[in-house]
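Working notes, beginning with the structure itself.
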Amino acid sequence: MTDQHTDGAQAVVFDGQRLAIEDVVALASRQRAAHLSKQAAFTGRIERGAAFLDRLLREDGVIYGVTTGYGDSCTVSIPPELVAELPHHLYTYHGIGAGRYLSPQETRAVLVARLASLSQGVSGVSLGLLLQLEQLLVHDVLPLIPAEGSVGASGDLTPLSYVAAVLCGERDVWWEGRVQPAKEVLPRIGLQPLRLRPKEAQALMNGTPAMTGLACLAWQRAERLVRLATRVTACNVWAADGNAHHFDETLFGFKPHPGPQSVARRLRQDLNCDSPARNEQRLQDRYSLRCAPHVIGVLEDALPWLRQLIENELNSANDNPLIDPDGERVLHGGHFYGGHIAMAMDTLKTAVANVADLLDRQLALLVDSKFNHGLPSNLSGAQGPRAAINHGLKALQISVSAWTAEALKHTMPASVFSRSTECHNQDKVSMGTIAARDALRVLELTEQVAAAMLIAARGVGEP
């Protein structure tokens, strides 16, 4: 884990207005600062929701998760004297996460997504809770969140229990380069542990911010990968003495998918296709070169649609129940269901893994003297007697094959593995958080493949 600081960055304001993926990534990377709005319209809306909830409690209103148990225990009435304890029991018994801890960047993204959702003003939380969340981001106090344990409905309960616990001065945080108890860190940044109000544990834990925060990071990395894979492909076409006319503008005008057209245009620019083609004798290159725009272009075409799914979730109120401060209604529903993020991440990881496979095939051609049109075997630069003991990039190609295989293995859709949980109350769940973690792993592996391709490209020269 690394510790980063923000100095003089333009703030991202949380006031219930729409945020973009770029806002989440900038906050997660400490390139911008978080700022909770102080506008009267915003703070008044938050306060009205909390006040309405208080009034319902005074009038003995029945509110799920406030005066009742959770999940299949919703028919259990909570004695009035125990209502205040219920929120703390919720995050306590959900603290059973496992696996690696989320990275600092991933953790910040989760905090941003949770603050964005609660800032919609329909969760019935206090302004003090939102301020406490804001200050975790401002001071970069990061709850240690295990990555595993969420089924994606009733939201990211287990990972978010670690956020709720830290706000209350429990469990551990990453701060100033080391793991420390939250109860010791909060006073050092001017905060006192919260005593959660009725419903506030639900509002913190019931929803999709873990999967959504991770999805924002995955989308941004996929967008960058599109351009990198295109540039690497241009290098490989050049190195293999390929036929640049495969990317002809007129040719791509007859297949009007904007993604492949855009990739082909960038390839023409990189290969300087206004000059004579490097190889006019070989009419058709192998598919991994000739069809590169069609493979990379699928990912490029998917990105705008995936952005819409992710950003709509980011800007949603996704806990349950929702508290309408204006109509003074308690709205019970299922907005915690992460189906759109699950679909987005399952789609993204498949398109990304196909790019890994494309680059893997390109490297296999490039290192094989039977197919690389005169380049040395394994791109070895050794000559003379030492050539006998020099294996060039043979091992690199083996590793790329392994990374690609693992990326392809992870493309099994997580969203089809819904499990019935919690005494069949949560009997259809999204698995969105698993899909998001899978997508990040596929991206990591594909980025490794692209890095290996850059090594190979450097060995044979660039266009």
Side-chain angles (χ1 to χ4, degrees), residues 11-20 23-24 34-68 70 74 78 80 83-84 86-87 90 111-135 137 153-156 160 163-164 167 194-209 212 308-340:
V12 175
V13 178
F14 290 82
D15 58 2
Q17 299 301 305
R18 194 169 180 85
L19 298 182
D23 296 319
V24 177
H35 177 70
L36 191 67
S37 174
K38 294 181 174 59
Q39 294 293 319
F42 171 74
T43 59
R45 180 174 176 80
I46 300 298
E47 290 168 348
R48 287 198 309 277
F52 170 57
L53 202 58
D54 286 343
R55 180 161 60 82
L56 280 182
L57 284 173
R58 288 194 304 270
E59 296 172 355
D60 296 323
V62 176
I63 306 170
Y64 165 71
V66 177
T67 60
T68 75
Y70 301 109
C74 65
I78 305 301
V83 166
L86 189 60
L90 182 63
L111 294 176
V112 170
R114 181 73 292 177
L115 185 55
S117 179
L118 297 182
S119 294
Q120 300 299 314
V122 290
S123 296
V125 301
S126 67
L127 192 59
L129 183 144
L130 300 184
L131 288 167
Q132 194 108 328
L133 269 176
E134 174 210 50
Q135 288 302 298
L137 287 166
S154 172
D156 291 314
L160 294 175
V163 176
L167 293 175
L194 288 179
R195 184 67 183 173
L196 294 179
R197 292 162 41 85
K199 193 189 175 292
E200 288 191 332
Q202 263 178 288
L204 284 166
M205 294 168 51
N206 191 262
T208 62
T212 303
Q308 180 185 32
L309 298 184
I310 296 166
E311 288 186 346
N312 280 345
E313 192 66 39
L314 172 66
N315 292 284
S316 70
N318 46 61
D319 55 300
N320 176 61
L322 297 182
I323 308 299
D324 178 7
D326 300 318
E328 295 195 336
R329 298 176 64 200
V330 178
L331 305 169
H332 296 86
H335 285 0
F336 47 70
Y337 193 88
H340 284 82

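Because the structure is predicted, anything quoted here is derived from the model rather than measured.
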Compare all side-chain heavy atoms of [X] with those of [Y] and state whether any distance is below 4.5 angstrom.
| X | Y | answer |
| --- | --- | --- |
| Leu115 | Pro209 | no |
| Leu133 | Val163 | yes |
| Glu200 | Pro87 | no |
| Arg48 | Asp324 | no |
| Leu36 | Phe42 | yes |

Please check if the side chain of [X] supplies one atom and the backbone of [Y] the other of a donor-acceptor pair under 3.5 Å.
| X | Y | answer |
| --- | --- | --- |
| Arg197 | Ala50 | yes |
| Gln132 | Leu167 | yes |
| Thr43 | Lys38 | no |
| Asn320 | His332 | no |
| Asp23 | Ala20 | yes |
| Arg18 | Leu314 | no |
| Arg45 | Val122 | no |

Nearest heavy-atom neighbours spanning [X] and [Y]:
| X | Y | answer |
| --- | --- | --- |
| Phe52 | Val330 | CE2-CG2, 4.2 Å |
| Ser119 | Phe14 | OG-CB, 3.7 Å |
| Ala153 | Tyr337 | CB-CD1, 3.6 Å |
| Gly49 | Ile323 | O-CG2, 3.9 Å |
| Ser117 | Arg114 | OG-NH2, 3.1 Å |

Option among Lys199, His335, Gln202 that satisfies the side chain to side chain donor-acceptor pair (under 3.5 Å) test with Asp319:
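Checked Lys199, His335, Gln202 against Asp319; only one passes side chain to side chain donor-acceptor pair (under 3.5 Å): Lys199.
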
Side chain to side chain contact (heavy atoms under 4.5 Å, CB included) partners of Gln17, counting only residues at least two apart:
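Partners of Gln17 by the side chain to side chain contact (heavy atoms under 4.5 Å, CB included) criterion, ordered by chain and then number, come out as Asp15.
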
Under a 3.5 Å cutoff, is there a donor and acceptor pairing between the side chains of Glu313 and Thr212?
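Not at all, the side chains of Glu313 and Thr212 share no donor-acceptor pair under 3.5 Å.
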
Rounded to the nearest 0.5 Å, what separation is found between the [atom1] atom of [X] and the [atom2] atom of [Y]?
| X | Y | atom1 | atom2 | result |
| --- | --- | --- | --- | --- |
| Leu19 | Glu311 | CG | CD | 9.0 Å |
| Leu130 | Glu134 | CG | CD | 9.0 Å |
| Ser123 | Asn318 | OG | CG | 8.0 Å |

Would you say that more than 12 heavy atoms from the other residues, nucleotides or ligands in this model lie under 6.0 Å from the CD of Glu328, or not?
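Yes, because the 6.0 Å sphere around CD of Glu328 holds more than 12 heavy atoms from other groups.
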
For side-chain contact (heavy atoms from CB on, under 4.5 Å), just list the numbers for Leu118 and Ile46, CA-CA rounded to whole Å, side-chain angles, deciding distance to a tenth of an Å, and then say yes or no.
CA-CA 9 Å; Leu118 297 182; Ile46 300 298; over 6 Å; no

Show the numbers, then the answer: is there a side-chain contact (heavy atoms from CB on, under 4.5 Å) between Leu204 and Val125?
CA-CA 9 Å; Leu204 284 166; Val125 301; over 6 Å; no

Could you give me the CA-CA distance, side-chain angles and deciding distance for His35 and Leu137, then say whether side-chain contact (heavy atoms from CB on, under 4.5 Å) is met?
CA-CA 9 Å; His35 177 70; Leu137 287 166; over 6 Å; no

